[in-house]
Q: 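Here it is, the structure in full.
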There are 2 protein chains.
Amino acid sequence: MNIGEAAAASGVSRKMIRYYEETGLLATAPRSDAGYRLYNESGVQQLLFIKRARDLGFSLERIKTLLDLWQNTDRHSADVKALAQQYMAELDQDIMHLQSMRQQLAGLVDQCHGDDEPACSILDGLAQANSPLASPT
Amino acid sequence: MNIGEAAAASGVSRKMIRYYEETGLLATAPRSDAGYRLYNESGVQQLLFIKRARDLGFSLERIKTLLDLWQNTDRHSADVKALAQQYMAELDQDIMHLQSMRQQLAGLVDQCHGDDEPACSILDGLAQANSPLASPT
DNA sequence: ATAAACCTTACCATCAGGTGAAGGTCAAGT
DNA sequence: ACTTGACCTTCACCTGATGGTAAGGTTTAT
């Protein structure tokens with residue numbers, strides 16, 4: 001199986017497959033006489049694993065650890081769980097950060113008339129030190 | 001006022017002030033005889049505007065538009081509001097995406113024993129096609 | 001005079017890719 | 001046998017916003 005077929009079967013682009021190999025996430029693939037990378041079912045399974053982990057937002061560094069754990073039958077599931085929980089905690093942080101920004105922004109947007117006049121509470125909020133939501137601490 | 005003082009007064013790093021100037025977000029600052037950038041109160045106000053917009057997550061490209069609107073007294077507040085609402089919609093998208101990932105991950109994590117055994121539902125979920133939460137659509 | 005603290009430009013790194021060039025290879029049709 | 005088009009190869013540069021580093025000039029205080 002060439003890289004194009006592996007890419008189609010896994011949903012990981014050719015570019016990214018080469019990149020994953022280059023950065024050590026994947027072992028160097030065997031080559032044909034012409035130098036083409038060759039993949040088998042096992043390689044596609046690894047690509048699918050990476051794809052699903054990326055879709056969940058795991059960083060490539062963490063996926064490297066996950067792949068190592070996956071292929072190590074002496075693993076402890078506690079290690080996997082700890083990694084996932086660490087990542088989940090970061091997700092929670094990110095979500096709260098976005099929600100905080102959204103809430104502050106909504107406060108400004110609600111006060112903006114949104115008409116033909118230049119007066120705008122959004123610009124005022126950015127120009128003046130205290131955003132209306134942050135001031136009464 | 002040198003760049004260091006402006007940075008301290010605004011909370012924007014020296015690096016970023018130079019970068020904002022280089023990319024056209026800020027006008028080129030006047031220079032001292034030795035070639036040092038010079039800032040006044042107005043420059044600091046602009047930096048503060050940028051900083052607050054960045055803290056709310058606005059991209060530099062959007063901040064450029066916001067700065068232009070801010071300095072244009074013929075603006076319509078509707079234009080500012082539309083920009084902010086567009087950004088807020090993207091924020092909502094991002095939040096939902098993170099929440100979806102979190103929820104899928106939580107489903108896997110909850111099923112993982114987290115003990116000394118190798119069996120792990122997280123790895124299984126990544127290795128098998130259907131994640132437990134995505135299947136019963 | 002010298003040392004510390006400032007400033008300058010210019011380059012490299014990050015993260016997870018995307019894009020494009022320049023060229024080699026393979027399989028099918030003519 | 002030859003051409004075409006789809007595939008493959010490596011190399012290198014782009015994104016966004018920021019941090020870092022290096023080499024060198026300037027200012028200020030001792």
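Order of the sequence lines sets the chain letters (A, B, ...), proteins ahead of strands, with each chain counted from 1. All heavy atoms count here, side chains included; hydrogens, waters and symmetry mates do not. The model shown is predicted, which means the values in this text are computed figures rather than measured ones.
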Q: Do Q104(B) and S100(B) meet the criterion of a side-chain donor-acceptor pair at a distance under 3.5 Å?
A: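 The answer is yes; a qualifying pair exists.
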Q: In residues 53-68 of chain A, which residues come under 4.0 Å of DNA chain D by heavy atom?
A: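 Residues of residues 53-68 of chain A that come under 4.0 Å of DNA chain D do not exist, since none gets that close.
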Q: Could you list where the contact with chain B starts and ends along DNA chain C, reading 5' to 3', using a 4.0 Å heavy-atom cut-off?
A: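 Footprint of chain B along DNA chain C, 5' to 3': dC6(C) to dA10(C).
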Q: Rounded at 0.5 Å granularity, tell me how far CG in L108(A) sits from CG in L56(B).
A: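 Going from the CG atom of L108(A) to the CG atom of L56(B) covers 6.5 Å.
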Q: List in numerical order all residues of residues 86-93 of chain B for which some heavy atom is under 4.0 Å away from an atom belonging to DNA chain C.
A: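 Going residue by residue through residues 86-93 of chain B, none turns out to have a heavy atom under 4.0 Å of DNA chain C.
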Q: I'd like the 5' and 3' limits of the part of DNA chain D contacted by chain A, with heavy-atom contacts below 4.0 Å.
A: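 The protein-touched segment is dC7(D) to dC11(D).
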Q: So Y87(A) and F58(A), would you call those rings parallel, tilted or perpendicular, with 30° and 60° as cut-offs?
A: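 Rings of Y87(A) and F58(A): tilted, as their planes differ by 30° to 60°.
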Q: With side-chain contact (heavy atoms from CB on, under 4.5 Å) as the criterion, how do L60(A) and I63(A) come out once you've worked through the C-alpha distance, each side chain's angles and the decisive distance to 0.1 Å?
A: CA-CA 5 Å; L60(A) 294 184; I63(A) 292 175; 4.2 Å; yes
Q: For the pair R62(A) and E90(A), find out whether any cationic side-chain nitrogen is under 4.0 Å from an anionic carboxylate oxygen.
A: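 Salt bridge: yes.
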Q: Heavy atom of residues 13-38 of chain A under 4.0 Å from DNA chain D: which residues?
A: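 Contacting residues: R14(A), K15(A), R18(A), R31(A), G35(A), Y36(A), R37(A).
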Q: Which angle, to the nearest 10 degrees, lies between the helix axes at the two ends of the helix from dA1(C)-dT30(D) to dT30(C)-dA1(D), each defined by five pairs?
A: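 Comparing the first five pairs with the last five, the axes sit 30° apart.
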Q: Measure from the side-chain N and O atoms of K51(A) to the backbone N and O of V12(A), and report whether any donor-acceptor pair falls under 3.5 Å.
A: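 Flag not set: sc K51(A) to bb V12(A) has no pair under 3.5 Å.
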Q: Is a donor from one side chain sitting under 3.5 angstrom from an acceptor on the other, for Q45(B) and E41(B)?
A: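 Short answer, yes.
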Q: For the SG atom of C120(B) and the CD atom of Q111(B), what is their distance to the nearest 0.5 Å?
A: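 Answer rounded to 0.5 Å: 10.5 Å.
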Q: Rounded to the nearest 0.5 Å, how far does CD of E61(A) lie from CG of L66(A)?
A: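 If we round to the nearest 0.5 Å, L66(A):CG and E61(A):CD are 11.0 Å apart.
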Q: When rounded to the nearest 0.5 angstrom, what distance separates CG in L47(B) from CG in L25(B)?
A: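 L47(B) atom CG to L25(B) atom CG measures 9.0 Å (nearest 0.5 Å).
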Q: Which value, rounded to the nearest 0.5 Å, describes the distance between S13(B) atom OG and Y19(B) atom OH?
A: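 Here the rounded value is 11.5 Å.
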Q: Less than 4.0 angstrom from a charged side-chain N to a carboxylate O is my criterion; do E117(B) and R75(A) meet it?
A: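 No salt bridge links E117(B) with R75(A).
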